[in-house]
*Asks:* 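Here's a structure for you.
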Amino acid sequence: MISVEQTRRGFGSDNHAGVHPRVLEAIMAANVGHVPAYGADPWTARATELLREHFGADTDVALTFNGTGANIVALGAVCRQWDSVVCASTAHINSDECGAPERVAGVKLVPVGTPDGKLTPALVAPRLTGFGSEHHTQPRVISISQASEYGTIYTAEEIRALADLAHEHGMLLHVDGARLAEGAREADVTVTQAVQANEVFALLPRIVAPPLMDRFCFHVWDERPGQAEVEVRWVTSWDTTPPDVDALVEAL
């Protein structure tokens with residue numbers, strides 16, 4: 001039996017959608033014959049080859065199940081257990097991974113408040129202290145999300161500036177891969193962040209959010225205690241259609 005939840009179109013996350021047909025086709029094409037397992041197969045070899053074409057021949061490739069696993073493997077590979085990772089306070093590793101980077105990778109996260117989810121050298125620099133002191137964790141990594149958890153995008157120049165800052169201090173830069181039409185503004189909804197990816201953040205009257213969420217799956221991003229509005233997040237997927245967006249705008 002198919003439930004209402006399975007048929008309802010939503011804006012909760014891009015991973016709420018099904019698999020893209022081209023991905024399914026590739027899985028079907030690979031699902032033939034017998035080859036050695038645990039990475040000793042031609043598809044893993046080809047994926048590694050493609051990644052090294054983009055990132056350099058000396059790139060180490062570790063394929064993981066999901067983003068949390070990828071972050072843990074990456075941070076665990078470059079950090080000692082007395083090292084720290086500087087990240088935005090809204091970063092996925094800090095706010096959405098159930099403490100896994102600290103518990104499993106064994107690193108201390110140093111969250112930095114930002115207005116738009118993006119770190120800058122000026123915001124990071126004050127946290128780069130305690131080098132060489134046995135009483136402090138050692139800053140080892142600057143971690144950014146592209147796109148950020150607020151849907152904002154780092155330019156190449158902004159990434160270079162953070163990379164330069166990291167390298168000046170003998171540190172590394174970690175990049176975490178993260179993630180609607182003008183109709184929301186026309187409905188007199190305040191969009192809180194520049195729309196640069198597939199995420200829209202907006203303010204809704206507190207009384208409006210629950211009935212709208214009953215019709216369209218999405219998340220309240222910031223409860224904003226004591227205020228009449230909440231900040232919500234709408235995320236589009238590869239299969240989001242113009243009618244889907246129009247229906248949300250009409251409901252707004």
Side-chain angles (χ1 to χ4, degrees), residues 15 38-40 43-114 116-150 152-179 197:
N15 61 25
Y38 309 111
W43 293 277
T44 300
R46 178 57 178 154
T48 300
E49 177 186 345
L50 289 172
L51 289 167
R52 287 177 174 164
E53 287 178 8
H54 285 285
F55 298 108
D58 61 346
T59 300
D60 288 330
V61 178
L63 303 178
T64 62
F65 171 72
N66 61 7
T68 299
N71 289 331
I72 290 171
V73 169
L75 296 176
V78 300
C79 291
R80 302 158 300 184
Q81 290 191 328
W82 56 86
D83 286 337
S84 59
V85 177
V86 180
C87 61
S89 58
T90 53
H92 207 269
I93 58 174
N94 184 56
S95 60
D96 293 291
E97 296 186 354
C98 294
E102 293 185 314
R103 175 66 179 87
V104 181
V107 298
K108 177 177 177 57
L109 300 181
V110 180
V112 179
T114 71
D116 57 2
K118 293 168 57 176
L119 294 177
T120 66
L123 290 173
V124 171
R127 272 68 176 186
L128 305 186
T129 61
F131 290 99
S133 172
E134 66 270 27
H135 300 291
H136 301 281
T137 57
Q138 298 297 289
R140 176 60 175 160
V141 173
I142 298 173
S143 178
I144 64 175
S145 302
Q146 181 77 316
S148 79
E149 284 69 26
Y150 267 113
T152 48
I153 299 292
Y154 287 90
T155 66
E157 292 75 18
E158 290 170 332
I159 294 175
R160 169 55 61 192
L162 287 166
D164 288 344
L165 177 65
H167 298 161
E168 288 169 10
H169 291 81
M171 300 171 63
L172 300 173
L173 180 69
H174 166 248
V175 181
D176 182 9
R179 357 283 185 220

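The figures here come from the full heavy-atom set of this structure, side chains too, leaving out hydrogens, waters and symmetry mates. Count residues from 1 along the sequence.
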*Asks:* Taking the side chain as every heavy atom from C-beta outward, state whether Val141 and Leu173 have any atom pair closer than 4.5 Å.
*Replies:* no
*Asks:* For Pro111, is there any backbone N or O sitting under 3.5 Å from a side-chain donor or acceptor partner on Asn94?
*Replies:* no
*Asks:* Tell me if a side-chain donor or acceptor on Asp83 pairs with a main-chain N or O of Arg80 at a distance below 3.5 Å.
*Replies:*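 It does hold such a pair.
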*Asks:* Salt-bridged, Glu49 to Arg46, with N to O below 4.0 Å?
*Replies:*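 Looking at Arg46 together with Glu49, the answer is yes, because their closest N to O distance falls below 4.0 Å.
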*Asks:* For Gln81 and Val107, indicate whether the former's side chain and the latter's backbone hold a donor-acceptor pair under 3.5 Å.
*Replies:*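 Looks like no, no N/O pair under 3.5 Å.
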*Asks:* How long is the span from the CG atom in Leu165 to the CG atom in Leu128, to the nearest 0.5 Å?
*Replies:*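 So the CG of Leu165 and the CG of Leu128 are separated by 5.5 Å.
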*Asks:* Test your reading of the model: is there a side-chain donor-acceptor pair from Ser145 to the backbone of Glu149, 3.5 Å cut-off?
*Replies:* no
*Asks:* Please report the shortest heavy-atom distance between Thr44 and Leu63, naming the atom on each side.
*Replies:*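 Closest approach of Thr44 to Leu63: CG2-CD1, 4.1 Å.
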*Asks:* Does the side chain of Phe131 come within less than 4.5 Å of Met171's, by heavy atoms?
*Replies:*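 Answer yes - side chains close enough.
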*Asks:* Within a 6.0 Å radius of atom CZ on Arg52, are there more than 12 heavy atoms belonging to other residues, nucleotides or ligands?
*Replies:* yes
*Asks:* Does the Arg140 side chain pair with the main chain of Val78, one donor and one acceptor, at a distance under 3.5 Å?
*Replies:*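 Between the backbone of Val78 and the side chain of Arg140 there is a qualifying donor-acceptor contact (under 3.5 Å).
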*Asks:* Would the number of heavy atoms belonging to other residues, nucleotides or ligands and lying under 6.0 Å from CD of Glu53 be above 12?
*Replies:* yes
*Asks:* Which atoms form the tightest heavy-atom contact between Pro139 and Ser84, and what is the distance?
*Replies:* CA-OG, 3.2 Å
*Asks:* Hey, what do you get for OG1 (Thr129) to CD (Gln138), rounding to the nearest 0.5 Å?
*Replies:* 9.5 Å
*Asks:* To the nearest 0.5 Å, tell me how far Ile159 CD1 sits from Ile142 CD1.
*Replies:*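 Here the interatomic distance stands at 12.5 Å.
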*Asks:* Do you know the tightest heavy-atom contact between Ser143 and His174?
*Replies:* OG-ND1, 2.8 Å
*Asks:* For a quick test of reading the model, state the closest non-hydrogen atom pair linking Ser89 to Gly113 and the distance between them.
*Replies:* OG-CA, 3.7 Å
*Asks:* Stepwise, does the side chain to side chain donor-acceptor pair (under 3.5 Å) test hold for His92 with Asn71?
*Replies:* CA-CA 10 Å; His92 207 269; Asn71 289 331; 5.2 Å; no
*Asks:* Might you work through the side chain to side chain contact (heavy atoms under 4.5 Å, CB included) test for Ile144 and Leu162, ending with a clear yes or no?
*Replies:* CA-CA 9 Å; Ile144 64 175; Leu162 287 166; 3.8 Å; yes
*Asks:* When rounded to the nearest 0.5 angstrom, what is the spacing between CG in Asp96 and OG1 in Thr90?
*Replies:* 9.0 Å
*Asks:* Does Thr152 reach the main-chain N or O of Ser148 with its side chain, forming a donor-acceptor pair under 3.5 Å?
*Replies:*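 Between the backbone of Ser148 and the side chain of Thr152 there is no qualifying donor-acceptor contact (under 3.5 Å).
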*Asks:* Within 45° of the six-membered ring axis of Tyr150 and under 6.0 Å from that ring's centre, is NZ or CZ of Lys118 located there?
*Replies:* no
*Asks:* Going by heavy atoms in the side chains, are Ile153 and Gln146 under 4.5 Å from each other?
*Replies:*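 Side chain of Ile153 against side chain of Gln146, heavy atoms only: contact under 4.5 Å found.
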*Asks:* Measure the shortest side-chain to side-chain distance between Thr68 and Ile72 over non-hydrogen atoms and say whether it is less than 4.5 angstrom.
*Replies:*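 Touching, per the 4.5 Å side-chain cut-off.
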*Asks:* What's the spacing between Thr120 OG1 and Tyr154 OH if we round to 0.5 Å?
*Replies:* 8.5 Å
*Asks:* Looking at side-chain heavy atoms only, is the closest gap between Glu102 and Leu109 below 4.5 Å?
*Replies:* yes
*Asks:* Roughly how far, to the nearest 0.5 Å, is the CG atom of Leu75 from the CG atom of Leu172?
*Replies:* 10.0 Å
